[in-house]
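What you see is a predicted model, and the numbers here were worked out from it, not measured in a lab.
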Amino acid sequence: MTHELIHIVEAYKKAEASGVKTVMATVVELEGSSYRRPGVRMLLLENGGTYGAVSGGCVEKEVFRQAAEVFQTGTPKMMTYDGRYRLGCEGILYILIEPFRPEEKLLRDFEEQISARKPFELHTYYNTKTGSRTGMKTLFLLDGKKEDRTDAEKKDADLKVFRQTYKPRMRIALFGGEHDAVVLSSLSASMGWEVLVVVAADEAQAADKFPAADLFLPVIPETADVSMVDEQTAVVLMTHSYVKDLKYLLRLSSTLPSYLGILGPANRRERLLNELLERMPEVPGEFFDKIYGPAGIDLGAEGPQEIGVSILAEILAVFRSVQPVSLKEKSTAIHS
């Protein structure tokens, strides 16, 4: 996912500044089942540090052991990990381990791509035959421009290509500054989401109350800037004030987030939406399709932490276009 790749790039910058070599491991193919799907990546440092993971924690030691050769030779290497005999995961992982030394310009372009919230791609060239082999590598495709391959690499017809599209990092915008918003911001950050907290200027809230927030915005609700809301954004109205929720809702009616959750009972939601229509009858139907209120999935949640989990579960289900169901009730694969 995008936030994991951002974490890898940031970790590389720190390692490079300290003169520490790095390699990247990527799951490029999978036979059977595994904890994570192809495309998951991790960064390994020659000093023993790791960032990210390619499994639930059971494969990483073997990946690091195999990476020793890549650190020494600088030549990419394909490894396999058969979980059928070690873990009972019933899957074989094909993992490419390659030197990771992106150029300064690529790092700048990557940062600009992330800041602009534009999708991008990674193309990984590989062969599933285990062992070292030149030509296997991951290339960034940023703003439609891909890194170059050498003529020899282009002629290597035995290399497959794993293409992976990254959407802008998932973002959650929390409108409200009470304790439950603090909890939800922390939970969201732990999932790697970008967290925006919007509070009314007259609430006298301070940014240090929200250590997990990437951006803290004291605003006047009637004129709040909502340009940060895009299709990769989930919005939660949780001011505990009907008047403020309505003011924010009026501003948000010009946006189209993937999810707009409203705290509070159904009758409060209906009052808000009816008053919104009275004031702005031109609001398109698509906007109302994005509204979820009361926010959250019925988990029997009690207290801010559990309610936060139920809200994030609903947001994730909406983003991934799935209907929540107990996995034991699924007749198909977990990741299907």
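- Taking all atoms of both residues into account, the shortest heavy-atom contact from M136 to N127 is SD-N, 3.5 Å.
- A salt bridge between E10 and K13 is present, with a side-chain N of the basic residue lying under 4.0 Å from a carboxylate O of the acidic one.
- Between R271 and D245 there is no salt bridge, since no side-chain nitrogen of the basic residue lies less than 4.0 Å from a carboxylate oxygen of the acidic one.
- Of the possible polar contacts, none joining the E306 side chain to the G303 backbone as a donor-acceptor pair under 3.5 Å is found.
- Counting all heavy atoms, side chain and backbone alike, E46 lies closest to F64 at O-CZ, 4.5 Å.
- Here the rule is side-chain hydrogen bond (donor to acceptor under 3.5 Å, both in side chains) with R117, and of E194, Q232, E231 only E194 fits it.
- In this structure, P324 and V322 approach most closely via the heavy-atom pair CD-O, 3.6 Å.
- The two atoms that bring M78 and K129 nearest to each other are CB-O, 3.5 Å, heavy atoms only.
- Grouped with Y12 in one hydrophobic cluster are L5, I6, I8, V9, V20, M24, L43, L45, Y51, F100, L106, L107, F110, I114, F120, L122, F140, L142, Y166, the linkage being side-chain heavy-atom contacts under 4.5 Å among Ile, Leu, Val, Met, Phe, Trp and Tyr residues.
- Between the side chains of E69 and S132, at least one donor N or O lies within less than 3.5 Å of an accepting N or O.
- Taking NE2 from H179 and CE from M238, the interatomic distance works out to 10.0 Å, rounded to the nearest 0.5 Å.
- Taking each heavy atom of S185 and A212 in turn, the nearest pair found is O-CB, 3.7 Å.
- With hydrogens and angles ignored, the 3.5 Å screen pairs no side-chain donor or acceptor of R101 with any backbone N or O of E16.
- Of all non-hydrogen atoms in E98 and K137, the two that sit nearest each other are OE1-CA, 3.3 Å.
- Inspection of the Q66 and Y81 side chains reveals no N or O donor paired with an N or O acceptor under 3.5 Å.
- For the atom pair CG of L272 and CG of L237, the computed distance is 8.0 Å after rounding to the nearest 0.5 Å.
- With Y126 contributing its side chain and E29 its backbone, the two residues share no donor-acceptor pair below 3.5 Å.
- Put simply, the side chain of E178 never gets that close to the backbone of T239: no donor and acceptor are under 3.5 Å apart.
- A salt bridge links E275 with R279; the closest basic N to acidic carboxylate O contact falls under 4.0 Å.
- For the atom pair CE (M191) and NE2 (H3), the distance works out to 8.5 Å, reported to the nearest 0.5 Å.
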